[in-house]
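Model, not experiment: these values are computed from the prediction.
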Amino acid sequence: MNVRKLLLASVCVLALSCGPRKVAAPVSHTRAFPAAEVPMMITEPSERMAWLGEHFWDRYTATDSLYYSDSVTVNGVTLEDLEKQVGIFVTLLEQGAPEDGSRAMENLYMRMVAFQSAFTQANLLPELTGLVSRYFYDPNSPVRSEELYLPFVQGLAGCPLITSLDRERYAREARLCALNRPGTRAADFTFVDTAGRRRTLHGIQAHLTLLVFGNPDCHACKELQEALEGSEELSGAIASGELKVVDIYIDEDVEAWKEHIPEYPASWINGYDPGFVIRTDLLYNVRALPSLYLLSADKTVLLKDATTEQFFAALGL
C-alpha cells in the first residue's frame, strides 16, 4: 500500500482515537451552504482555483458546531443545495490540474470522516458519499471521472465508520478505477476483426486511437457513430489514418454482432473479443456503452471512459 492509500485508510482510525466524540445539540434552523473564501493574497488564477478546490468543504465540515439534519437536510443545508454544491465542485475540479483535483478529493474525504467521527448522530457521511458517488462514478453521469473518484473511494475502502460489506464494495470500486488510468499504457488484448483476422490493440498503428467498447443495439453507440461521421475534421483524420477508430464488441452473442457488420463504417476497425476476457478478466472497467478511450501512438491513455463531448473537446472540436 502506498503512502497516499495508507493515509486515507488511517484517517478514520485517527479521527476516532483523537478524543471523545461530540454529542451536541444541533442548531435547529437551516442555512445556506458556507462557501469557502479564497485568501486575497492568492492572486494567480490557477492557484486560486486549486486552493478553492482543496478547501471547498472546510467551513461546511467544521467541527465547532453541528446543524440540524433530517431526511432532507444535512448539517443545516438542504439536500437540494448540497447536491448543487457537489455539481459546482465537480465543475471546479474539471477545470483544474489533475493533481489538484486528487488533492481536493482527498481533503473532502478526510474532512467528511472527521466531521462524522465528531458528530456520530449526523447524516453527513452517507448523504455526501451518495452524492459524490452519483456524480463521479455513476456510469450515466455526464461528469463522471474515475480518476477523481479514486482517492475518495480508496479512503472509503479502509474506513471503519461503515460496514465491512460497504468497505469491500468500495475496495472493489477502487481496484476498478485504478485500471487503465490516464498516463498509463492501455491494457493490450486480442480481437477478431470483421474479416476473421486476429489482431491486437497495440498492433494498431496510428497517431491517435479511439477505442470504443460498443454494441450494435446500443442507441447511444449509434449516436456516437453519427457524431463521428458528421464531423468533417474527424472524417478527414480517419481517412488519412491519423486517427483510427477501434470498435470492440465484448458480449457473447457474436452471431448477432456479425449480422450488424454492414452497419459499421468501412473506415473503422471493428471486432469482437473472442475469449470474453475484457469483461471476465477485468482488463477494462466497462460499465456502460459506449465506453470511449482515447489513446496516443504508443497506446498511452489520454482519456478514460470519456463522453462524446469530452472526446471532441480534447481534439479541439
Side-chain angles (χ1 to χ4, degrees), residues 1-12 53-54 86-87 89-94 96-110 112-113 125-126 128-159 161-189 201 211-213 248 250 277-296 299-307 310-311 314:
M1 181 179 289
N2 61 33
V3 174
R4 173 179 289 181
K5 290 182 180 179
L6 182 61
L7 286 172
L8 290 172
S10 63
V11 163
C12 290
E54 185 172 355
V86 172
F89 182 61
V90 171
T91 302
L92 179 68
L93 300 196
E94 285 183 327
E99 59 272 19
D100 294 336
S102 294
R103 188 163 51 249
M105 292 299 288
E106 289 175 3
N107 190 61
L108 166 58
Y109 167 76
M110 290 187 288
M112 177 183 70
V113 168
L125 188 149
L128 191 50
T129 294
L131 288 172
V132 169
S133 178
R134 189 198 314 167
Y135 273 74
F136 287 93
Y137 192 61
D138 190 297
N140 296 312
S141 170
V143 292
R144 63 185 181 274
S145 172
E146 292 185 6
E147 189 67 11
L148 288 174
Y149 185 61
L150 181 58
F152 185 84
V153 76
Q154 283 175 335
L156 289 172
C159 181
L161 294 182
I162 58 179
T163 68
S164 60
L165 286 177
D166 282 338
R167 287 196 298 273
E168 290 176 8
R169 174 167 61 88
Y170 289 128
R172 184 176 187 276
E173 288 183 359
R175 289 193 297 272
L176 293 174
C177 288
L179 296 173
N180 301 295
R181 298 177 65 184
T184 66
R185 203 170 187 214
D188 197 14
F189 58 84
L201 173 66
L211 172 61
V212 181
F213 296 111
I248 303 298
I250 61 176
V277 298
I278 292 174
R279 278 193 188 276
T280 57
D281 292 0
L282 292 180
L283 292 183
Y284 289 80
N285 185 20
V286 182
R287 299 183 293 124
L289 301 177
S291 185
L292 279 60
Y293 288 72
L294 181 61
L295 313 177
S296 69
K299 301 304 177 285
T300 295
V301 179
L302 304 176
L303 291 178
K304 174 184 178 180
D305 190 29
T307 64
Q310 289 170 336
F311 167 67

> Looking at R167 and I162, what are the two nearest heavy atoms and their distance?
Replying inline: NH1-O, 2.7 Å
> Between the side chain of R181 and the main-chain N/O of E147, is any donor-acceptor distance below 3.5 Å?
Replying inline: no
> Looking at L292, L294, L211, which hits side chain to side chain contact (heavy atoms under 4.5 Å, CB included) with L303?
Replying inline: L294
> Between S291 and R287, is there a donor-acceptor pair closer than 3.5 Å when you use the side chain of the first and the backbone of the second?
Replying inline: no
> Closest heavy-atom contact between D188 and L201?
Replying inline: OD1-N, 3.2 Å
> Counting N and O atoms only, with roles assigned by atom type, does the side chain of T129 sit under 3.5 Å from a partner on the main chain of L125, one being a donor and the other an acceptor?
Replying inline: yes
> Closest heavy-atom contact between R144 and A306?
Replying inline: NH2-O, 3.8 Å
> Nearest heavy-atom pair of G53 and A104: which atoms, and what distance?
Replying inline: O-CB, 3.3 Å
> Do you know which two heavy atoms are closest between P142 and Q310, and how far apart they sit?
Replying inline: O-NE2, 4.2 Å
> Taking the six-membered ring where the residue is Trp, are the ring centres of F213 and Y284 under 6.0 Å apart?
Replying inline: yes
> With sequence neighbours left out, what residues match L92 under side chain to side chain contact (heavy atoms under 4.5 Å, CB included)?
Replying inline: M49, L52, F56
> Is K304 reaching over with its side chain to a backbone N or O of C177, donor-acceptor style, under 3.5 angstrom?
Replying inline: yes
>> Checking Y137 now: which residues fulfil ring pair (Phe, Tyr, Trp, His ring centres under 6.0 Å) with it, not counting sequence neighbours?
In response: Y149
> For the side chain of N180 and the backbone of A186, is there at least one donor-acceptor N/O pair under 3.5 Å apart?
Replying inline: no
